Participant: 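I am attaching a structure below and will ask some questions about it afterwards.
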Amino acid sequence: MLRMSVAAREYLMLGDDIKIVFLGGSGKHMRIMIDAPRDINVVRSSVLEKNSTQEERAKLPRYYSEEEHPEKYKKKSNVIITGGKRENH
């Protein structure tokens with residue numbers, strides 16, 4: 001599974017004919033726009049889970065929340081403040 005950060009108004013292309021535009025959001029909610037052919041079925045996970053039997057729900061993919069950016073991926077700053085002056089190293 002691919003995980004990435006995107007800015008508002010950026011988009012992803014899935015194949016040649018599916019475009020997902022990230023419109024922005026607030027808090028834990030993100031607004032997206034999906035441009036896909038009519039023959040592609042787009043369904044929210046909550047709807048899938050609500051309208052499925054227990055056996056069907058067990059087969060659905062599960063995603064678990066992760067720490068936003070694990071420490072090993074955070075950019076380290078080499079800024080040292082001496083005598084009230086900021087120096088980059």
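For this chain, numbers begin at 1 and follow the sequence in order. Owing to the predicted nature of the structure, the values given are computational and were not obtained by experimental measurement.
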Participant: Could you report the tightest heavy-atom contact between R9 and L23, atom names first, then the distance?
Facilitator: NH1-CD2, 3.2 Å
Participant: Measuring from L14:CG to K19:NZ, what's the distance to the nearest 0.5 Å?
Facilitator: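 Atom-to-atom, L14:CG and K19:NZ are 12.0 Å apart.
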Participant: Just to verify, what does V6 make a side chain to side chain contact (heavy atoms under 4.5 Å, CB included) with, not counting sequence neighbours?
Facilitator: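 If we apply the side chain to side chain contact (heavy atoms under 4.5 Å, CB included) test to V6, skipping adjacent residues, the hits are M4, E10, F22.
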Participant: Linking I/L/V/M/F/W/Y whenever their side-chain heavy atoms sit closer than 4.5 Å, directly or via other members, would L12 and M30 fall into one cluster?
Facilitator: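 Result: yes, single cluster for both.
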Participant: Taking only residues two or more places apart in sequence or in another chain, which ones pass side chain to side chain contact (heavy atoms under 4.5 Å, CB included) with S26?
Facilitator: none
Participant: Just jot down the side chain to side chain contact (heavy atoms under 4.5 Å, CB included) partners of I40, sequence neighbours excluded, or say none.
Facilitator: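 Here the qualifying residues are I18, A36, P37, V42.
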Participant: So, taking the atom named CZ in R31 and the one named CE in M33, what distance separates them when rounded to the nearest 0.5 Å?
Facilitator: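 Reported value, rounded in 0.5 Å steps: 11.0 Å.
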